[in-house]
Amino acid sequence: MAREYWKPGNMLYPLPAVMVSCGREGETPNIITLAWVGTVCSDPVMVSISVRKERFSHAIISDTKEFVINLVNEDTAKAMDWCGVKSGRDFDKFKEMNLTAVPSKTVGAPSIEECPVSLECKVKQVLELGSHDMFVAEVTAVSVDGKYMDEKGLCDMGKMNLIAYNHGEYCKLGEKVGKFGYSVAGTGKKK
């Protein structure tokens with residue numbers, strides 16, 4: 001069967017579905033739900049988030065140059081969705097979703113206690129790209145809920161039931177089908 005060609009679009013799925021927390025001193029902290037999130041560098045550890053200019057959180061992140069990426073699991077999926085369709089201009093999202101804003105170690109923005117992993121980030125560059133501005137940021141700290149640590153002190157992400165965004169739907173990540181290097185393991189060849 002022949003391949004179909006569509007107009008250009010964002011078909012790079014699945015993507016992490018996350019709650020990004022941000023806040024300015026003296027104001028109620030906010031949460032924005034994003035799927036335009038990614039890794040951009042490993043040394044230094046850097047990530048990116050892309051946010052529409054009209055979003056309430058855009059101004060906060062632009063002013064403070066800080067945010068926290070909070071990974072979402074099955075337990076926090078409903079809160080993530082709600083925070084994505086309601087505005088922080090109109091609601092205290094932490095209060096409405098019974099989420100707990102906890103102090104972060106390296107940034108002024110709070111982390112979300114109920115999320116299994118939080119990445120504290122400091123903005124290094126802003127790229128104006130069109131519908132979204134991309135905030136490129138250095139990860140300055142990572143916190144992991146202790147219940148996801150194994151006996152060796154390693155993070156067991158398989159137990160987290162993390163959520164991905166897949167073309168308008170939220171899905172739990174599936175079972176492991178391999179690990180890095182498994183395609184060449186035992187062949188004596190290295191890439």
Side-chain angles (χ1 to χ4, degrees), residues 15-40 44-129 131-149 155 157 160-165 170:
L15 297 164
V18 302
M19 290 189 282
V20 173
S21 48
C22 56
R24 289 184 277 227
E25 192 172 333
E27 295 181 12
T28 300
N30 194 46
I31 302 167
I32 184 171
T33 298
L34 297 176
W36 301 161
V37 177
T39 298
V40 295
V45 180
M46 298 186 77
V47 294
S48 69
I49 63 170
S50 294
V51 183
R52 288 184 179 271
K53 290 178 182 164
E54 63 269 16
R55 300 291 187 233
F56 183 63
S57 293
H58 185 283
I60 298 169
I61 296 168
S62 293
D63 289 349
T64 64
K65 304 287 191 270
E66 298 178 338
F67 58 87
V68 179
I69 297 173
N70 301 277
L71 301 187
V72 175
N73 61 12
E74 191 172 16
D75 295 338
T76 53
K78 184 175 180 180
M80 175 209 50
D81 183 66
W82 192 91
C83 288
V85 296
K86 300 294 183 178
S87 174
R89 289 182 185 94
D90 305 320
F91 297 95
D92 176 341
K93 294 181 181 183
F94 280 94
K95 181 179 176 185
E96 294 290 331
M97 289 292 98
N98 296 312
L99 297 172
T100 309
V102 294
S104 297
K105 182 178 179 182
T106 63
V107 298
S111 296
I112 301 173
E113 183 174 18
E114 291 78 10
C115 290
V117 178
S118 299
L119 291 80
E120 300 176 20
C121 303
K122 292 186 179 184
V123 176
K124 297 298 181 186
Q125 185 176 7
V126 181
L127 302 172
E128 295 185 34
L129 301 174
S131 62
H132 291 67
D133 282 351
M134 177 186 285
F135 295 90
V136 179
E138 185 172 354
V139 177
T140 55
V142 176
S143 63
V144 179
D145 186 328
K147 70 183 176 185
Y148 299 110
M149 302 301 287
C155 178
M157 296 190 84
M160 291 183 191
N161 294 318
L162 295 175
I163 298 294
Y165 177 78
Y170 305 119

From CA spacing to verdict: side chain to side chain contact (heavy atoms under 4.5 Å, CB included), E96, K86
CA-CA 10 Å; E96 294 290 331; K86 300 294 183 178; over 6 Å; no

Residue pair [X] / [Y], side-chain heavy-atom distance below 4.5 Å:
X	Y	result
I60	F67	no
M160	V144	yes
V136	M46	yes
K95	T28	no
K65	F135	no
P110	F94	yes
E114	D75	no
C22	T64	no

Nearest 0.5 Å, what's the [atom1]-[atom2] distance between [X] and [Y]?
X	Y	atom1	atom2	result
I69	S48	CD1	OG	8.0 Å
T100	E113	OG1	CD	5.0 Å
L71	L119	CG	CG	6.0 Å
L15	L34	CG	CG	11.0 Å
L162	M157	CG	CE	5.0 Å
R55	I61	CZ	CD1	12.5 Å

Is it the case that the side chain of [X] and the backbone of [Y] share a donor-acceptor pair, with hydrogens and angles ignored and the cut-off at 3.5 Å?
X	Y	result
K124	E138	no
E66	V107	no
S62	H58	yes

For residues 23-37, which residue pairs pass the salt bridge (charged side-chain N to carboxylate O under 4.0 Å, His left out) check, not counting sequence neighbours?
R24-E27, R24-D63

Work out which heavy atom in [X] is nearest to a heavy atom in [Y]; give both atom names and the distance.
X	Y	value
C115	M19	SG-CE, 3.6 Å
K93	G88	CE-N, 3.4 Å
M97	A79	SD-CA, 3.5 Å
A17	M80	CB-SD, 3.4 Å

M134 and W36: CA distance, side-chain angles, deciding distance, side chain to side chain contact (heavy atoms under 4.5 Å, CB included) verdict
CA-CA 9 Å; M134 177 186 285; W36 301 161; over 6 Å; no

Working for side chain to side chain contact (heavy atoms under 4.5 Å, CB included), residues V47 and C121
CA-CA 8 Å; V47 294; C121 303; 3.8 Å; yes

Show, in sequence, the C-alpha distance, side-chain angles and deciding distance for D81 and T33, and conclude whether the side chain to side chain contact (heavy atoms under 4.5 Å, CB included) test is met.
CA-CA 7 Å; D81 183 66; T33 298; over 6 Å; no

Among S143, S111, S118, exactly one meets side chain to side chain donor-acceptor pair (under 3.5 Å) together with N70. Which residue is that?
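Exactly one option meets the side chain to side chain donor-acceptor pair (under 3.5 Å) with N70, and it is S118.
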
